[in-house]
Amino acid sequence: MAIQRLAEEVIDQIAAGEVVERPASVVKELLENALDAAAKSIQIEVTGGGDERIAVSDDGLGIPAAEIQLAFSRHATSKLRATGDLARLNTLGFRGEALATIAAVSQLTAITRHQDDRLGTRVFLEGGKWRRQQSEPSPRGSTFIVENLFFNTPARLKFLKHPNTEKRQLARVVERYAFLYSDVRFSYLQEGKVRFHTSGNGNRFDTLVNVLGLAHARQMMPLPAAELRGVAALRGSIQVNGFTSAPSLHRADRNQIAIFVNDRWIQDTRLMYAINRAYENILLAGRFPYAFIDIQMPKDQVDVNVHPTKSEVRFQQPETVFAAVFQAIQNAHLATETNPVSLAFTAQHAETKKRWFDEWVGPPDYRSTELREVAEEDLGEKRALPPRTLPPLRVVGQIGAQFIVAEGPAGIYLIDQHAAHHRLLFEQMKAESEQGELAPQELSQTHHQNLAEEAAERIHNLQEHLKPLGICVESFGPNRFAIRALPRQCLQPHCEVDQFLPALAAADPSEKDNLLNVLTAQAAYRDGQLLSMEQQQHLARALERCPNPLESPQGSPTLIHITRDQLAREFRR
Ligand code: ADP
Ligand code: MG
């Protein structure tokens, strides 16, 4: 083929591929135009997956009759004159592409009246071709009706997902802008039915209630206006506002995480990562928060002209923005953890817990750092606690003298008392031995024990491994041993001193941590053991901050989580 210039029409269709990927992109562009036109009220109506019909009406400035043709030609915009304007932009649009490209791949009707015009204009374009234009009386503002999207680009049409998927995307776009522009009234209709609407009263929490529903919105925490530290504070001009979910609210995908920069909804994988990082020890793996994060920063520090959809931006100092977002969410967690209500609640239980903590680990003069901190936290003396790895659990009770039933914000947890306790003791003893704190605890009376010949020999050979574990044992005849001290974890009321040596004798000391594993398995609560409410609660509390709470050292699960959704499904709610 000889080289030829492409026809305008073909150029438009190619360009359309970049701006208009799917029906949701049409809604996004039309919404941005309406907002740029200072609309106070916007109605969005979609039919099918949006490929059939999308209509967006606003009460904004409208387009002057004399400019309407220009509005539909490419690179025609009222929002930008020179490239220098980009750094000062006050509008969402600036590329002058959207109307031309949407018109190129659909049948488009526009009815608009500029406030200075007496009559409005109605135009109809098909595949970018100008079909009709007429004057007619119409209210101030604009309506764009986009029908049969991609009717002339079948390849694109084929790539559309199931209408339900497209519908979700459409709704999401509207929800995001409704949140961001809470002072604008939005109504969103599907198949003629109102899906949601907002009042435009400027209150973002109200908007969250409208889009998420009250039950979910209630579990959203506002990002507090706390000071940012370190690198995020360097450029004091970054502000992070919005809402993020309490540990009780999460979902299996990232679809309810929205990031806004300078009043623009954007996609950014690094910031997405920052948000999820801030939940790392709070949500279980595979669960994601809800977050509506609004970042305001100097316009000259962010380039919005990176991609035709304007939904990617480039930050001059990405790490600063990352830190700002991460800290803002952390601050929200802290603010909620120390809020007066939860402190008042835990203070009531603090005394009981302190008592329990003393009882739990044997002699009262010896206190585990971790447990003391848990108790002290409850008295309001907040120390550096290990980070949470599970949401707060409310113990309901024990069943079958084997499992603990607990309620978490996101459903039910069934805890295997042996497996969980085994994990806790293992982590505790390991940490103590690493810090050289694993001290042997003298028995009030030396304990004598006979072992079978083979086991006795193995214990002889293990001597040097047992000392560092806090076990003091001496041979007292060929197969007889005297146990003088054990680590305090092995001296709990339910433990039998007799049980440890035979178990250790059977263990393979060459494998790392194997002896500790065997020892703590012996010291852990047993199946069939009745636990007091306090013991159960304490176990749950400790598990919440255990670095590895989901598996016992032997690899069996410590807990089973049944989500609310699963329960609702089972009960066909
Ligand atoms: P851009 O938004 O980048 O300027 P568009 O193709 O989206 O480009 O729109 C072209 C122009 O049409 C805009 O600059 C604006 O002047 C006008 N326009 C589009 N939609 C509206 C609307 N809803 N109300 C008023 N003017 C509009
Ligand atoms: Mg635009």
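We count ligands from 1, going down the list as the structure has it; atoms in each ligand are counted the same way. This is a predicted model, so every value here is computed, not measured.
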**Request:** Check whether NZ of the Lys or CZ of the Arg Arg176 lies under 6.0 Å from the centre of the six-membered ring of Phe260 and within 45 degrees of that ring's axis.
**Result:** no

**Request:** Specify whether Phe205 and Phe243 have parallel, tilted or perpendicular ring planes, treating 30° as the upper limit for parallel and 60° as the lower limit for perpendicular.
**Result:** tilted

**Prompt:** Under a heavy-atom criterion of less than 4.0 Å, does Leu61 contact ligand 1?
**Reply:** no

**Fill in**
Shortest non-hydrogen pair, Leu393 vs Glu544, comes out as N-OE2, 2.8 Å

**Message:** Are any of the N/O atoms on Asp36, whether in the backbone or the side chain, positioned under 3.5 angstrom from an N/O atom of ligand 1?
**Reply:** no

**Complete:** One finds that the ligand 1 atoms under 4.0 Å from a non-hydrogen atom of Ser142 are 22 (C), 23 (N), 24 (N)

**Asked** Going by the angle between their ring planes, with limits at 30° and 60°, are Trp130 and Phe72 parallel, tilted or perpendicular?
**Response** perpendicular

**Request:** Write out the residue and atom name of the closest protein heavy atom to atom 2 (O) of ligand 1, then the distance separating them to 0.1 Å.
**Result:** Lys79 NZ, 2.7 Å

**Prompt:** Would you say Gly93 has any N or O atom under 3.5 Å from an N or O of ligand 1, going by distance alone?
**Reply:** no

**CG-OH distance between Leu390 and Tyr413, expressed to the nearest 0.5 angstrom** = 6.5 Å

**Asked** Going by the order shown, which atoms of ligand 1 are within less than 4.0 Å of some heavy atom of Arg95?
**Response** 3 (O)

**Prompt:** Between Leu99 and ligand 1, does any nitrogen or oxygen pair lie at a separation below 3.5 Å?
**Reply:** yes

**Message:** Is it the case that atom CZ in Arg314 sees more than 12 heavy atoms from other parts of the structure closer than 6.0 Å?
**Reply:** no

**Message:** Is there a polar contact between ligand 1 and Gly96, counting only N or O atoms under 3.5 Å apart?
**Reply:** yes

**Message:** Within the 4.0 Å heavy-atom shell around Ala76, which atoms of ligand 1 are there?
**Reply:** 10 (C)

**Request:** Can you pull out the closest protein heavy atom to atom 23 (N) of ligand 1? Residue, atom name and distance to 0.1 Å, please.
**Result:** Asp58 OD2, 2.9 Å

**Complete:** In short, Pro549 meets Leu559 closest at the heavy-atom pair O-CD2, 4.3 Å

**Asked** Looking at CG of Asn90 and CG of Leu80, how far apart are the two atoms once the value is rounded to the nearest 0.5 Å?
**Response** 11.5 Å

**Asked** Would Gly141 count as a contact of ligand 1 if the rule is a heavy atom under 4.0 Å away?
**Response** no

**Request:** Using a strict 4.0 Å cut-off to heavy atoms of Ala37, name the atoms of ligand 1 that fall inside it.
**Result:** 24 (N), 25 (C)

**Item:** Spatial distance of atom CG (Asn262) from atom CD (Gln296) [nearest 0.5 Å]
**Value:** 5.0 Å

**Prompt:** atom 21 (C) of ligand 1: which protein heavy atom is closest, and how many Å away?
**Reply:** Asn33 CB, 3.9 Å

**Asked** Is the Mg ion (ligand 2) less than 2.8 Å from at least one N/O/S atom of Thr77?
**Response** no

**Message:** Check contact between Gly60 and ligand 1, using heavy atoms of the residue and a distance below 4.0 angstrom.
**Reply:** no

**Message:** Please determine whether the number of non-hydrogen atoms from other residues, nucleotides or ligands lying under 6.0 Å from atom CG of Leu119 exceeds 12.
**Reply:** yes

**Prompt:** Considering only heavy atoms of Phe144, which atoms of ligand 1 have at least one such atom less than 4.0 Å away?
**Reply:** 20 (N), 23 (N)

**Message:** How long is the straight-line distance from CD of Glu126 back to OG of Ser106, given to the nearest 0.5 Å?
**Reply:** 9.5 Å

**Prompt:** Nearest protein heavy atom to atom 16 (O) of ligand 1, by residue and atom, and its distance?
**Reply:** Ser78 OG, 2.5 Å

**Message:** Check for me whether Glu29 has a heavy atom closer than 4.0 Å to any atom of ligand 1.
**Reply:** no

**Asked** Is there at least one pair of N or O atoms, one from Phe94 and one from ligand 1, spaced under 3.5 Å apart?
**Response** yes

**Minimum-distance protein heavy atom relative to atom 12 (O) of ligand 1** = Ala71 CB, 3.6 Å

**Message:** Assess, by modelled atom type and distance only, whether the side chains of Arg122 and Gln134 contain a donor and an acceptor separated by less than 3.5 Å.
**Reply:** no

**Prompt:** When rounded to the nearest 0.5 angstrom, what is the spacing between CZ in Arg113 and CD1 in Ile63?
**Reply:** 13.5 Å

**Request:** Number the atoms of ligand 1 from 1 as they appear, then name those within less than 4.0 Å of a heavy atom of Glu97, with their elements.
**Result:** 6 (O), 8 (O)

**Leu249 CG to Phe288 CZ distance, which is reported to the nearest 0.5 Å** = 14.0 Å

**Asked** Considering Val19, Val56, Ile63, which one's heavy-atom position lies nearest to atom 18 (N) of ligand 1?
**Response** Ile63

**Message:** Taking 4.0 angstrom as the limit and counting only heavy atoms of Thr77, give me the atoms of ligand 1 inside it, by number and element.
**Reply:** 1 (P), 4 (O), 14 (O)

